[in-house]
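Reminder, nothing fancy here: chain letters follow the sequence lines and each chain counts from 1.
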Protein chains: 4
Amino acid sequence: MTTAPGRPRDRRIDRAVLAATADLLVEVGYADLTIAAIAERAGTTKPAIYRRWSGKADLVHEAAFPSDADRVPVPATDSLADDVRVMVATVVRLFAAPVARAAVPGLLAEFATDPALHGALLGRFREGPMGHAHARLVDAVASGQARPDLDPVAAIDAIGGSVLLALLLRGDAPDDSWIDGTAALLLKGMAA
Amino acid sequence: MTTAPGRPRDRRIDRAVLAATADLLVEVGYADLTIAAIAERAGTTKPAIYRRWSGKADLVHEAAFPSDADRVPVPATDSLADDVRVMVATVVRLFAAPVARAAVPGLLAEFATDPALHGALLGRFREGPMGHAHARLVDAVASGQARPDLDPVAAIDAIGGSVLLALLLRGDAPDDSWIDGTAALLLKGMAA
Amino acid sequence: MTTAPGRPRDRRIDRAVLAATADLLVEVGYADLTIAAIAERAGTTKPAIYRRWSGKADLVHEAAFPSDADRVPVPATDSLADDVRVMVATVVRLFAAPVARAAVPGLLAEFATDPALHGALLGRFREGPMGHAHARLVDAVASGQARPDLDPVAAIDAIGGSVLLALLLRGDAPDDSWIDGTAALLLKGMAA
Amino acid sequence: MTTAPGRPRDRRIDRAVLAATADLLVEVGYADLTIAAIAERAGTTKPAIYRRWSGKADLVHEAAFPSDADRVPVPATDSLADDVRVMVATVVRLFAAPVARAAVPGLLAEFATDPALHGALLGRFREGPMGHAHARLVDAVASGQARPDLDPVAAIDAIGGSVLLALLLRGDAPDDSWIDGTAALLLKGMAA
DNA sequence: ACTTAAACGAGACGGTACGTCGCGTCTTAAA
DNA sequence: TTTAAGACGCGACGTACCGTCTCGTTTAAGT
């Protein structure tokens, strides 16, 4: 394996653009976010951005959910109750961050048009928290902590969907009491 | 109360525009839907549309969720299990229709920019199926069918969110087994 | 004949754009002339310009050689000597104007790419001064003022080409002594 | 004088680039000619080209008028008639070649922006055919073959300009009858 | 053989302009 | 007043080409 020919990419531009995107996303929202404004804020130009990302959605998806953010795994304990609560709290933490809150509705809208992007973000979640949760639930069914007829996919839909809808309907991050209530509801629904 | 002066609006244009919007929405998706294309398909012009609706979001929201569609109430029985299953199925029926599937992500994205629209659609749901569900759950808590510490809001988030996320993640309408699994999960989470 | 439907063009925009084009052409030259700068100077926008003209060449050609400028015919006297001198002076007047001087090289270059534009400007000249000159020379041959074997086309090439090359080679407008010398040369070449 | 240190330039690249430029110039015209395309056609890269020429104009000017092409002098006879005809034919031969026809309008346009290039090409012609012609005409005035008041500069403008305009107006190379007619016209204009 | 220095290919860089598209508004004549 | 029609101001889009740069590699000439 040899190094790529030609002038190498300036990684500082990657970083500056991602940072500018995250900042502007929070400031003006997804709809009013323009590539030109990102370029200006990052001190670079539109072509330099299009060289790296295919468009606004691609760029925002990387800015809002950087690869190293989902590297915080759900710590599996032997208490299903604890783990479900951690799952809910993790999803809240991930999606309630200002950048994510600003990005998510726009990204969801783009998914309808761009299946590739859809798959990319989905895959990333599957290999991250969603994968962990799925494995933990399968394990819980096997060990008898959860009902034998529990559908892990439906359970994950319920966990993620509750948080997503709470955010979309009310806009602000769910508080601890909401998290407790939702975790209790879901745990009772799953437990043996 | 006297009739308005001048030439009256042509109601056929209202209908043609709504129909064209629904059709195009399914054909090209929310993002690629343009007012000019709707006008052309409906055999009318852009100003005639802007005279009736404030913009794309307003128009789509009426085309995808016509006022008479949510007139299908959740039939309250005295079985919480039956009612929860009906709630889930109703939400699926409402959001899995092709027009709704095409409209929802776009509308969610517009909510971030346009709080008025957010409130409008939300209010409509609150007075429709969501309101029914909320009342039924409050009643269930009071009658002892549900746990006394159940938070009806969290429960509704879970019902709606499960369906929404299932649609967003997988695109196609959830099948009966998913509905059964989700209804069972949620019911067990709520029941006394 | 009925009037065109729709909102009519704002003729003031036409005029403002043509004026701005002529001004900027002289200020910055053809190569550095941008549509965006013209739009800004004219107080309008790029799309409004592209609605009217197909591009820079089309616009410049109209700005540099407005339809009413070539409406100054060569007055035919019965002296071929006088008329040839007027022809030379007319071409000088037409092409030595600052706007024309700035426009001509650029337009010549575009002709290679855009035959339609070539034909348009050519036709306009044919119906203007070039047509007059051609008619006068044919007449001169018939009346015996000019040599019977004179080719009017070659003669017109010589008149126009002399002026054009003088401008292209030296940049500044030919003075009266150059005009006298060239007129004398050409007259002697044509006369019987 | 010692030889330059470092790796010497590859002369094959010079030749390949000039050939590619001439070919592409004829194929796509000056305006649509890009340095990247030339580099690709020549099997080299943009920096290798910019190392040798300052830009498109410089490169084209060398490709269209190679230094050895103007080495064909006007053979001075003692007949002014013969010599004028040769002058006209020489200019036609020089400018009617496909490469020159494609290059000239573009180069003329660049002259407006780049006086250095203007001077360079002009100087080359002055030391070539234009210089020869000028000397011959001065001589003709002195020897009495031409009118004593003949302005050699105006005469050269007329010769070159006639050919240039004929090419620009009609695009194809002038035929022999046009050359005869033009030579006759100019000769009669100059002769004593 | 070993340095030295420039040319090489590759391709990203900052920059500027391009021509197009959709928005939501407006102006007109006719109905 | 609404209609059809279409131009309006506005602002962003994504692309193309410019001429320069930064790499790692190659090629001679001078040691």
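Thr45(B) OG1 to Ile35(B) CD1: the interatomic distance, rounded to the nearest 0.5 Å, is 12.0 Å. Note: Thr34(B) OG1 to Leu24(B) CG = 7.5 Å, rounded to the nearest 0.5 Å.
Here Arg12(B) does not reach the OP1 or OP2 of dT2(F): none of its side-chain N or O atoms lies under 4.0 Å away. When the side-chain nitrogen and oxygen atoms of Thr44(D) are compared with OP1 and OP2 of dC8(E), none of them lie within a distance under 4.0 Å. The phosphate of dC8(F) (OP1 or OP2) has a side-chain N or O of Arg51(C) nearer than 4.0 angstrom. Taking 4.0 angstrom as the limit, Arg52(B) places a side-chain polar atom (N or O) nearer than this to OP1 or OP2 of dT3(F).
The shortest non-hydrogen separation linking Ala103(B) to Leu25(B) is CB-CD2, 3.7 Å. Between Ala109(B) and Ala109(A), the closest heavy-atom pair is CB-CB, 3.9 Å. Contact detail for Arg101(B) and Pro105(B): the closest heavy-atom pair is O-CD, 3.2 Å. Between Ala31(B) and Thr113(A), the shortest heavy-atom contact is CB-OG1, 3.7 Å.
Between Ile13(A) atom CD1 and dA12(E) atom P the separation is 12 Å, expressed in whole Å. Put simply, CD on Glu110(A) is 13 Å from C1' on dC13(F), counting in whole angstrom units. The distance from atom CG of Asp32(A) to atom C1' of dG11(F) is 11 Å, rounded to the nearest whole Å. Between Arg11(D) atom CZ and dT27(F) atom C1' the separation is 16 Å, expressed in whole Å. If you take CD1 of Ile49(A) and P of dA12(F), they are 14 Å apart, rounded to a whole angstrom. Atom CZ of Arg9(A) and atom C1' of dG14(E) are 15 Å apart (whole Å). Between the CG atom of Asp14(D) and the C1' atom of dA7(E) there is a distance of 12 Å, rounded to whole Å. The distance from atom CD of Glu40(B) to atom P of dA4(F) is 13 Å, rounded to the nearest whole Å.
Ion pairing between a basic and an acidic side chain is recognised when a charged N comes within 4.0 Å of a carboxylate O; Asp14(C) and Arg52(C) show such pairing.
Looking at the side chain of Asp10(D), the nearest of the listed nucleotides dC8(F), dC8(E), dG15(E) is dC8(E). Among the nucleotides dA7(E), dC18(F), dC10(F), the one closest to any side-chain atom of Tyr50(D) is dC18(F).
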Donor-acceptor contacts under 3.5 Å from residues 55-65 of chain B side chains, at least two apart:
residue  : atom : partner  : partner atom : Å
Lys56(B) : NZ   : Tyr30(B) : O            : 3.1
Lys56(B) : NZ   : Leu33(B) : O            : 3.0
Asp58(B) : OD2  : Ser54(B) : N            : 3.0
His61(B) : ND1  : Asp58(B) : O            : 3.3
Glu62(B) : OE1  : Trp53(B) : NE1          : 2.8

Got a list of side-chain donor-acceptor pairs under 3.5 Å for residues 115-123 of chain D, not counting sequence neighbours?
residue   : atom : partner   : partner atom : Å
His118(D) : NE2  : Leu168(C) : O            : 3.3
His118(D) : NE2  : Leu169(C) : O            : 3.4

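Side-chain to base pairing of Arg7(D) with dT26(F): one donor and one acceptor N or O lie within less than 3.5 Å of each other. Between the side chain of Lys46(D) and the base of dG11(E), no donor-acceptor pair of N or O atoms lies under 3.5 Å.
Listed by chain and residue number, nothing satisfies the salt bridge (charged side-chain N to carboxylate O under 4.0 Å, His left out) test with Arg7(A) (two or more places apart in sequence, or in another chain).
Comparing Ala48(B) and Ala48(C) by the nucleotide of DNA chain F whose heavy atom lies nearest to each, the residue mapping closer to the 5' end is Ala48(B). Along DNA chain E, the nucleotide nearest Gly43(A) and the nucleotide nearest Ala37(C) are compared for position; the residue whose nucleotide lies closer to the 5' end is Gly43(A). The nearest heavy atom of DNA chain E to Ala36(B) and to Pro8(C) marks one nucleotide each, and the one closer to the 5' end goes with Ala36(B).
Nucleic acid contact for Leu33(B): sugar-phosphate only, since backbone atoms but no base atoms lie under 4.0 Å from a heavy atom of the residue. Thr34(A) comes within 4.0 angstrom of the backbone, heavy atoms only, and of no base.
A heavy atom closer than 4.0 Å to some atom of DNA chain F occurs in no member of residues 55-63 of chain B.
Here salt bridge (Lys or Arg N to Asp or Glu O under 4.0 Å) pairs that include residues 21-32 of chain C, with residues two or more places apart or in two chains, are Glu27(C)-Arg41(C).
Rounded to 10 degrees, the angle between the two end axes of the helix from dT3(E)-dA29(F) to dA31(E)-dT1(F) is 20°, with five pairs used at each end.
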